[in-house]
Number of protein chains: 2
Amino acid sequence: MEAQIDEILRKNQLSVTGSRKRILELFLMSNGALAHGDIEKKTGEKFDRVTVYRTLQTFLEKGIIHSIPTSDNSVLYALCKDDCSEGHHHDNHVHFICSDCGKTICLADVTVPQVKLPVGFLPQEYQMVVTGLCKDCR
Amino acid sequence: MEAQIDEILRKNQLSVTGSRKRILELFLMSNGALAHGDIEKKTGEKFDRVTVYRTLQTFLEKGIIHSIPTSDNSVLYALCKDDCSEGHHHDNHVHFICSDCGKTICLADVTVPQVKLPVGFLPQEYQMVVTGLCKDCR
DNA sequence: ATCTTTTTGCAACAAAGTTGCATGCTAGTT
DNA sequence: AACTAGCATGCAACTTTGTTGCAAAAAGAT
Ligand SMILES: [Mn+2]
Ligand SMILES: [Mn+2]
Ligand SMILES: [Zn+2]
Ligand SMILES: [Zn+2]
């Protein structure tokens, strides 16, 4: 794990620091998506709030994590697959949000279907979010 | 227009007030989705910020508007179709967000496709957001 | 016109996110 | 191992966004 974390940071030309290691670890351990608030809670008083914001921003730009659209105004983040890089994401998978426990899960094996749009629209990225009950809550 | 606005409010058992009329008018006039901030700007100093929040909340509950998921942390709202009612929305259409002008458009004629989920997941609602270039920006 | 209920505005607050800057740390160089 | 340039962090101060309680105002019913 420790080695994996270092490798991810190095591969993205990021210096290896305490906060980056810890936040990346949280993503690797979590089986769902994380909000800024989740991370703050789990790191406790260890890092400044601003550092968490900046770390997430950096990870997002580097393509280490991707953001997930939600209908309330929370922003969720999850780890990208290996083949994402700066400016080039390949996370065209469906996201599932459990309406009971609130957990958000990347369905890495479910590809977002493409739809036919009215003439004039030039699509670049398709995103799909399914709400419902997860395995544990149904 | 005036008559249409009154009718929508009456049909939903809402008293007809200045702020509700104005905000509903903004939605009817707009060809895209609106964020809370857009509405505040367009109404100017006319209504209190709190009133705008509460009006949107009320419209949402009554099924007059629906919210649209986005990847940043803005919440967007757009008018529902006629057959939406309290607790029963039928807005299973795709949403398009222009990455250039930022406008968000309801593609009322494009139905969200259903996907096959892994066993265990019980889907309730499917939402799809397409990012790209709109008619005016391509 | 009067009364009841709902809606609004205000104030005060809480939560979320941003920015500038001095200090500390990382990683590469000697 | 010590040095140093550049990057990352923490702190403070601030802005923006959203929430809550309550009294005044407006709406709808009688
Ligand atoms: Mn994902
Ligand atoms: Mn819509
Ligand atoms: Zn669940
Ligand atoms: Zn556009």
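Each chain gets a letter, A, B and so on, in the order the sequences are listed, and its residues count up from 1.
When distances run from any side-chain atom of B:V50 to the nucleotides C:dT8, C:dA11, D:dG10, the shortest one goes to C:dA11. Side-chain proximity of A:L14 to the nucleotides C:dA27, C:dT8, D:dA8 is greatest for D:dA8. Picking from D:dT9, C:dA16, C:dT8 the nucleotide with the shortest atom distance to the side chain of A:Y53 gives C:dA16. Listed nucleotides: D:dA8, D:dC11, D:dG28. Nearest to the side chain of A:S15: D:dA8.
Taking atom CG of A:D6 as the reference point, atom C1' of C:dT26 lies 12 Å away to the nearest angstrom. In this structure, NE2 of B:H36 is placed 17 Å from P of C:dA16, rounded to the nearest angstrom. Rounded to whole Å, the distance from CG on B:D48 to P on D:dG18 is 14 Å. Separating the OH atom of B:Y77 from the C1' atom of D:dG18 is a distance of 10 Å, rounded to the nearest angstrom. Between the CZ atom of A:R20 and the P atom of C:dC25 there is a distance of 15 Å, given to the nearest Å. Straight-line distance from the CG atom of B:L56 to the P atom of D:dT19: 11 Å, rounded to whole Å. Going from atom CD of A:E45 over to atom P of D:dG10 covers 12 Å, rounded to whole Å. As rounded to whole Å, 16 Å separates atom C1' of C:dT8 from atom CD of B:Q57.
In this structure, B:D72 places its CG atom where more than 12 heavy-atom neighbours from other residues, nucleotides or ligands lie under 6.0 Å away.
In terms of heavy-atom proximity, A:F27 sits nearest to A:L79 at CB-CG, 3.7 Å.
Comparing A:F47 and B:G37 by the nucleotide of DNA chain D whose heavy atom lies nearest to each, the residue mapping closer to the 5' end is A:F47. Of the residues near DNA chain C, A:T17 and B:G18, the one whose nearest nucleotide (by heavy atom distance) lies more toward the 5' end is B:G18.
Contact annotation: A:T51 reaches the phosphate of D:dG10 (side-chain N/O to OP1 or OP2, under 4.0 Å). Remark: A:R49 is not in phosphate contact with C:dA16, judged by side-chain N or O atoms under 4.0 Å from OP1 or OP2.
Atoms CD and CG, on A:E40 and A:L34 in that order, are 12.5 Å from each other to the nearest 0.5 Å. To the nearest 0.5 Å, atoms SG (B:C106) and CD1 (B:I68) are separated by 4.5 Å.
Scanning atom types as modelled, one donor and one acceptor separated by under 3.5 angstrom connect the side chain of A:R54 and the base of D:dG10.
Neither side chain, B:Q127 nor A:T131, offers a donor N or O lying under 3.5 Å from an acceptor on the other.
Residue A:T58 is classed as having no contact, given no heavy-atom separation below 4.0 Å to the nucleic acid.
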